[in-house]
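What follows is a single structure, written as C-alpha cells, with notes after it.
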Amino acid sequence: MSSLDLLYGAASPGATRDGTTAKSPRVTLVGAGPGDPGLLTRKGYDALQTADVVFFDELVSPDIIDILPTNVRCIYVGKPNQSASISQADICQQLVSAARGGLKVVRLKGGDPMIFGRTGEELDALRAAGVDVDIVPGITSATGAAASTRISLTHRDYAQQVTFVTAARREGELAEVRGLAGKGRTLVVYMGITRARALTDAFLSDGIDGALPVAIVENATRADERVIITTVAELSIAVAHNDVRSPALFIVGDVVRTYAAADQAAAAEA
Ligand SMILES: C[S@@+](CC[C@H](N)C(=O)[O-])C[C@H]1O[C@@H](n2cnc3c(N)ncnc32)[C@H](O)[C@@H]1O
C-alpha cells in the first residue's frame with residue numbers, strides 16, 4: 001500500500017462528505033473557466049459543492065477556490081510555467097488513490113479541460129486504473145477573453161474562421177503557425193508569452209503583414225484583466241515592455257480593430 005493509499009484509505013470505500021458511499025471509483029473533471037467564478041457552469045459548481053477533495057492547478061483562479069465549502073479538501077497540483085514540480089504521473093496516481101478510497105473526487109482545470117489541458121493523458125491513466133470519469137466542460141480562455149474585450153472572434157467584416165493554437169509543442173519548440181493567421185482569419189494563441197519573438201518571426205516569414213493587430217489579454221475575465229493592443233511586428237516588445245505575465249493569450253487578426261471601436265464608443269458615451 002502506498003503512502004497515497006494510506007492518505008486516502010485505498011480499497012476501503014468510506015462515507016463521502018454528504019454521507020453517501022461512492023459506488024465505483026470515479027473522478028469528475030471540471031472546467032473552471034478563465035477565472036470569473038460566475039463563468040463556472042452550474043454542473044461544475046454543483047460538483048465542487050459536493051466534492052470531498054478537489055485537485056486544482058495554477059490556472060484555477062483564487063476566486064474559484066474561495067467559493068469551495070470550507071470542508072472540501074483542496075490539493076494544489078500545479079506545474080507553474082510547465083515546470084516538472086509535480087509529474088503528470090504523480091497527479092494521476094493521487095487521483096486514482098483518492099477515487100479508490102471512496103471519495104468524491106473533482107479534478108479542477110482552468111478554462112475548458114478538453115482544450116490544451118492535458119486531459120487526454122489523465123483520461124488514459126484513469127481509465128487504465130479502472131476509474132470512471134465524468135467531464136464537465138468549461139469556458140475556454142479564448143471565448144472568455146472575447147467576451148470581456150468585446151472582440152467578436154468571427155466578426156463578419158473581418159473573419160470567416162477562427163483557430164485556437166498552442167505556441168508550445170510537447171518538446172518545447174514553437175508549434176506550427178503557418179497559414180493560420182492573416183486575411184479573413186482570427187488566430188488565438190495560447191501559451192505564447194515566452195515565444196512571442198519566435199511567433200513574430202514565424203508570422204513574418206509566412207508573409208503576414210507586420211501591422212496586423214494583436215490583442216494581448218492577460219488574466220482574462222478576472223478583476224485584474226489587462227488588454228494591450230499591439231501588432232505582429234511589435235508583439236515581443238509589447239510583452240516585454242508591459243511585463244505580461246501568465247496567464248495570457250494573443251488574439252491575432254483584423255477583428256482586434258473592433259476593440260478600438262468599442263473603446264472609442266465607450267469614451268464618447270462617458
Ligand atoms: C495549459 S493552457 C490551458 C487552457 C485552458 N484549458 C483553457 O481552456 O483556457 C494555459 C494557457 O491558457 C491561456 N489562459 C488560461 N487562462 C487564461 C486567462 N484567464 N487569461 C488569459 N489566458 C488564459 C494562457 O494562454 C495560458 O498560457
Side-chain angles (χ1 to χ4, degrees), residues 31-36 39 57-61 63-64 78-82 109-119 137-155 158-159 161-170 172 174-177 180-182 185-203 208 212-260 262-263:
D36 174 356
L39 295 178
D57 58 34
E58 72 284 350
L59 280 176
V60 175
S61 77
D63 287 349
I64 302 260
K79 288 181 277 194
N81 306 319
Q82 303 301 303
K109 286 173 172 272
D112 184 303
M114 306 307 263
I115 298 202
F116 306 133
R118 296 198 180 186
T119 294
I139 291 180
T140 190
S141 45
T143 52
S148 60
T149 60
R150 295 173 168 72
I151 297 172
S152 169
L153 300 179
T154 54
H155 190 301
Y158 300 105
Q161 54 179 271
V162 58
T163 306
F164 299 166
V165 68
T166 169
R169 275 190 212 256
R170 199 175 203 152
L174 185 71
E176 181 60 78
V177 293
L180 300 184
R185 295 168 200 177
T186 300
L187 179 65
V188 184
V189 183
Y190 290 62
M191 288 174 271
I193 303 175
T194 58
R195 296 169 184 88
R197 177 75 252 171
L199 279 165
T200 293
D201 292 345
F203 289 139
I208 300 299
L212 188 70
V214 178
I216 303 170
V217 189
E218 181 190 74
N219 291 321
T221 80
R222 304 181 186 189
D224 51 356
E225 175 178 294
R226 271 203 304 167
V227 182
I228 297 147
I229 303 298
T230 184
T231 61
V232 159
E234 301 281 314
L235 182 57
S236 63
I237 296 165
V239 166
H241 181 75
N242 293 285
D243 190 21
V244 175
R245 302 285 176 96
S246 180
L249 53 72
F250 307 144
I251 302 175
V252 183
D254 283 317
V255 290
V256 172
R257 300 184 195 287
T258 63
Y259 178 75
D263 248 8

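- Here OG of Ser246 is found 9.0 Å from CE of Met191. Values are rounded to the nearest 0.5 Å.
- Formation of a donor-acceptor pair under 3.5 Å by the Glu234 side chain with backbone atoms of Thr230 is not found in this model.
- Taking every heavy atom of both residues into account, Pro213 and Asp254 meet most closely at CD-OD1, 3.9 Å.
- How far OG of Ser141 is from CG of Asn219: 11.0 Å, rounded to the nearest 0.5 Å.
- Separating the CD1 atom in Ile64 from the CG atom in Leu59 is a distance of 11.5 Å, to the nearest 0.5 Å.
- Taking each heavy atom of Leu187 and Ala181 in turn, the nearest pair found is CD2-CB, 4.1 Å.
- Residues forming a ring pair (Phe, Tyr, Trp, His ring centres under 6.0 Å) with His155 (at least two apart in sequence, or on another chain): Tyr158.
- In plain terms, the two heavy atoms of Leu249 and Ala145 that are nearest each other are CD1-CB, 4.0 Å.
- Summarising the geometry, atom CG belonging to Asp112 is positioned 9.5 Å from atom CD1 belonging to Ile139; distances are rounded to the nearest 0.5 Å.
- Scored by the ring pair (Phe, Tyr, Trp, His ring centres under 6.0 Å) test, Tyr190 finds Phe116, Phe164 as partners (sequence neighbours excluded).
- Residues Glu225 and Thr149 have side chains in contact (heavy-atom distance under 4.5 Å, counting atoms from C-beta outward).
- Between Gly192 and Leu199, the closest heavy-atom pair is O-CD1, 4.1 Å.
- No side-chain heavy atom of Met114 sits less than 4.5 Å from a side-chain heavy atom of Pro137.
- Looking only at distances, a side-chain donor or acceptor of Thr119 sits under 3.5 Å from a matching main-chain atom of Pro113.
- At least one side-chain heavy atom of Pro34 sits less than 4.5 Å from a side-chain heavy atom of Leu39.
- With Lys109 contributing its side chain and Gly31 its backbone, the two residues share no donor-acceptor pair below 3.5 Å.
- Listed here is the closest heavy atom pair of Thr258 and Arg150: OG1-O, 4.2 Å.
- With Val214 as the fixed residue, the side chain to side chain contact (heavy atoms under 4.5 Å, CB included) test singles out one of Val232, Thr200, Ile229: Val232.
- Here Arg226 pairs with Glu218, Ile228, Asn242, Val244 under the side-chain contact (heavy atoms from CB on, under 4.5 Å) rule; sequence neighbours left out.
- Here the side chains of Phe250 and Val188 are not in contact, with every heavy-atom distance at 4.5 Å or above.
- Of all the heavy atoms in Ile151 and Ala215, the pair that sits closest is CD1-CB, 3.9 Å.
- In this structure, Thr186 contributes its side chain and Leu153 its backbone to a donor-acceptor pair below 3.5 Å.
- Here the side chain of Thr154 pairs no donor or acceptor atom with the backbone of Ala159 at under 3.5 angstrom.
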